[in-house]
Engineer: 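Here it is, the structure, as structure tokens.
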Amino acid sequence: MLKATLRSFLAHKGRLMLSALAIVLSVAFVAGSLIFSDTVTRTFDRLFASTSADVTVEPKQDLKSSVPTGAVQTVPAALAGEVAKVDGVADTHADVSVQNIVVVDSHNKSVGPTTGAPTIATDWYLTRRSPVKLTSGHAPQGAGQALLDADTADKKHVRIGDTLTVQAQPGTFKVEIVGIATFTTTNPGAALVFLDPAVAAKELLGATGRATSISVDAAQGVTDAELKGRIGAAIGTGTYDLKTADEQAKSSAADLGGFLDVIKYVMLGFAGIATLVGVFLIVNTFSMLIAQRTRELGLLRALGADRRQVRRSVLTEAVLLGLVGSTLGLGAGVGLAFGLIKLMSAFGMNLKATEMVIGWGTPVAAYVVGVGVTFVAAYLPARRAATVSPMAALADAEIAGVGRPLRTRAIVGGAVGAIGAAALAGCAAASKTASAASLLGLGVVLTLIATVIAGPLLVRPVIRVLGGAFPALFGPVGRMSQRNALRNPRRTGATAAALMVGLALVGGMSVASASMSKSFDQQIDKTLGADFVVQNSNFLPFTREITDKVRGTEGVGLVVRQRFAPVAVRLPDGKRVTTTAAGYDAQVDEVAHVAYKGGDTAAALAAGSLGMDVTFAKDHKVRLGSVLPVEFQGGKRAEMKVGALTDQDSSGGFGTQGGLFFGIATVEKYVPGGQDSSLYVNRAPATSADQLRSRLEKTLAPYPQVQVRDQADYKKLVHDQIAVLLYLVYALLGLAIVIAVLGVVNTLALSVVERTREIGLLRAIGLARRQLRRMIRLESVVIAVFGAVLGLALGLVWGVCVQQVLALQGMKALAVPWGTIVAVVIGSAVVGIVAALLPALRASRMNVLAAIAHE
């Protein structure tokens, strides 16, 4: 049996290659994502471990904001002297390092990275842990001098002697580049500007005697943990955070972890889609191979092989296929990781491909996915093979099993589909976002499974409609192509299912994204009353200098500032919610249309008061006039009265969770040093919108990071952000289509082999080669369009349910992108034509007499 299995595997290796390719793609994405994330993690672990001080003293980080505020927390620089007196301290340094700056060259072009990495200004202080070294020029001496990192200098064409402008919170100042510092470790992609330590605090923090942290070196023989304990006992831990080198490295790695997780989960999403679609391809391939080997399997049974041996033989072929695909996929995954490393280098994160990390878990995961998926997918065909009787060897039964009833599928698919439909209905009717999302996930999974199970039941009615015009348009060839697609509903359903999965995902996300875009458009129209909004291109806060420049621009009638602050609110139901609140100037009603359920803007922005979203208030038993304890950064606390409840159809109307907002004076009181995130600008009565825009753009020309937007620009910005998610879905669709094409090619190729004698007879009675190719192409097209119709129908249902979940967050508009739907159906027909090219060509080249004599 082993010899027979190996010979069978080698005899059908050509037919199995397309299935192996699906495994290769699945494994490549799994292995590539693991290798890349492990490499980046190891690289940055070494970077953080080698550059972290033995103990670091930082301001207390009791609240973290999801929205940047621009405020920089500091500690007294004199604290370094106090820490130096602690037993076991070898050296201390008061560090100054900020990221709330922008650096531009003499042409008003930003010198910072465009990839989202920060621009960091820090004091020049070399230690054994420094990630850079001076490679040309000299160290900065006094005000007006600075160093720049070599990578940024090369990328932005900055040379020694050039003058740069630094826009910091205290004010703008110019520096001459007097030296270049080169990274000795991995460059994380940031731009680094180094100033003289004697002037760094004044230029970057606005006051001498302040620092952003204190770096401490331990004396010989003193462990980091011991030193941390001694320092904590000396200065207290209520005001400061103390971290050992290991803790600091872990904290820095955790901040980077979010970025790495995005990349990893995106790639694993591709792997999941490839795996899911590949399952259909593998099931179909083995089912067809077993159907074609009915006589062969019957002979094995007649010669004495029992059912278990036949089943084991087919599963052994599947394992061999999985091993081959996994091995090739692992190699492709290494190549994919190498490409990602090079891509990150192009974006400024200089990883070394020579330090690629391939942990033991990567090959294990690769082979578990590749072999496991293939084994599971081949199990049902293997069981079917074991049921072949010895008498089948005497019959011409290559396509045995075609006419088996679909009663079981109907019962199981109907039951699963009913539960899934009930879950989706529950999602649409739910009033809580969490429960609606849970029901949506359950409904999506169950309806997908039900459609896959019951798909063959839909083949005959749907394809009769889709191919109904074929006989009239293409005559007998059209009629035969339609009947060929109807011949084996199981095979047609499994082939179409591969395309259906990808298109269902695209249909659902297209409806969701279109609905989000329409909802945001309505929300902007409804709430935004300002002529223009001045914002940073990446929504980071900007310096007060920009606010002053905008106010001083000719034709500006009103400027309302928006500023954010992290807060924690203790609510009447006992919960403590950490969120981000927004601060506004008193004239906010003139630039925004705010709907209130209670109170008004004046009450919300009054000293000691705040406004809140009415839905959030109801959920947490907050009433108008309730007094709530509010915590601010740095341990500051206040008792604040709820002066207004808003009803903006969106919990995020004024920021994040809860929609909390108050007067900007409150933000300045409790979060000093913060920066404005947006400016809402109205024109003066005698100034046109075009005139004001032109003047604002001229005023802000020295600040390339800031943009002037009207309502149309704001809508476009939102659409572009939503499109990023949609592009990811389209990429998943592309992968699904590639594998689906492989599935159609494989099905048609095996079908051509299965129908060799039939094709020979058709050719013998006068069917031309051109007609034969057309027949196979039409069969392919109708299968592909069938998959598209099922997928889009399912996706539309999912999309409507997703919109119902979004409606609970205020996004109540429903939009169906019919243009996308039509384009996808047309594209599916094109996919069918492309997939049929090689099988049709092969069929047309058959020798007629040899085909008739084929067994």
Side-chain angles (χ1 to χ4, degrees), residues 17 20-50 113-117 131 149-152 154-155 182-190 253 256-275 277-278 322-371 373 724 727-728 730-732 734-739 742:
M17 282 308 297
L21 188 55
I23 301 168
V24 169
L25 289 172
S26 305
V27 173
F29 281 108
V30 171
S33 62
L34 294 177
I35 293 170
F36 175 74
S37 60
D38 287 348
T39 300
V40 176
T41 300
R42 177 80 61 84
T43 300
F44 279 94
D45 281 349
R46 285 203 298 264
L47 169 66
F48 297 139
S50 63
T114 58
T115 57
D149 73 273
D151 293 330
T152 302
D154 290 342
K155 192 173 296 183
T182 302
F183 277 91
T184 58
T185 60
T186 297
N187 178 1
L256 181 70
F259 164 73
L260 293 181
D261 286 346
V262 170
I263 297 178
K264 179 189 283 188
Y265 293 137
V266 166
M267 292 185 63
L268 289 177
F270 280 94
I273 291 293
T275 301
V277 178
L323 288 171
V324 172
S326 299
T327 303
L328 295 175
L330 184 58
V334 173
L336 181 60
F338 180 84
L340 283 171
I341 288 171
K342 291 298 183 183
L343 180 64
M344 297 307 292
S345 297
F347 283 116
M349 186 183 289
N350 297 325
L351 303 172
K352 295 181 180 179
T354 54
E355 297 181 359
M356 188 182 294
V357 177
I358 304 178
W360 64 267
T362 299
V364 169
Y367 283 101
V368 166
V369 169
V371 177
V373 165
V724 171
Y727 292 150
L728 173 61
Y730 287 157
L732 289 171
L735 178 64
I737 285 177
V738 168
I739 301 178
L742 297 179

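Treat the numbers as computed from the prediction; the structure is a model and nothing was measured. Note: hydrogens, waters and symmetry copies are ignored here, and every other heavy atom, side chains too, is used.
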Engineer: For the residue pair Gly32 and Ala337, what are the closest heavy atoms and their distance?
Structural biologist: O-CB, 3.8 Å

Engineer: Work out which heavy atom in Val27 is nearest to a heavy atom in Gly329; give both atom names and the distance.
Structural biologist: CG1-C, 3.6 Å

Engineer: How far does CD1 of Ile358 sit from CG of Leu330, to the nearest 0.5 angstrom?
Structural biologist: 7.0 Å

Engineer: I need the minimum non-hydrogen distance between Thr152 and Ala190, along with the two atoms involved.
Structural biologist: OG1-O, 4.0 Å

Engineer: Can you give me the closest heavy-atom contact between Ser326 and Ala366, atom names plus distance?
Structural biologist: OG-O, 3.6 Å

Engineer: To the nearest 0.5 Å, what is the distance between CG (Leu328) and CG (Leu25)?
Structural biologist: 11.0 Å

Engineer: How far does CG of Asp38 sit from OG1 of Thr362, to the nearest 0.5 angstrom?
Structural biologist: 5.0 Å

Engineer: If every non-hydrogen atom of Leu34 is compared with every non-hydrogen atom of Ala365, which pair is closest and at what distance?
Structural biologist: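 Smallest interatomic distance, heavy atoms only, reads CD1-CB, 3.8 Å.
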
Engineer: Work out which heavy atom in Gly322 is nearest to a heavy atom in Val371; give both atom names and the distance.
Structural biologist: C-CG2, 3.8 Å

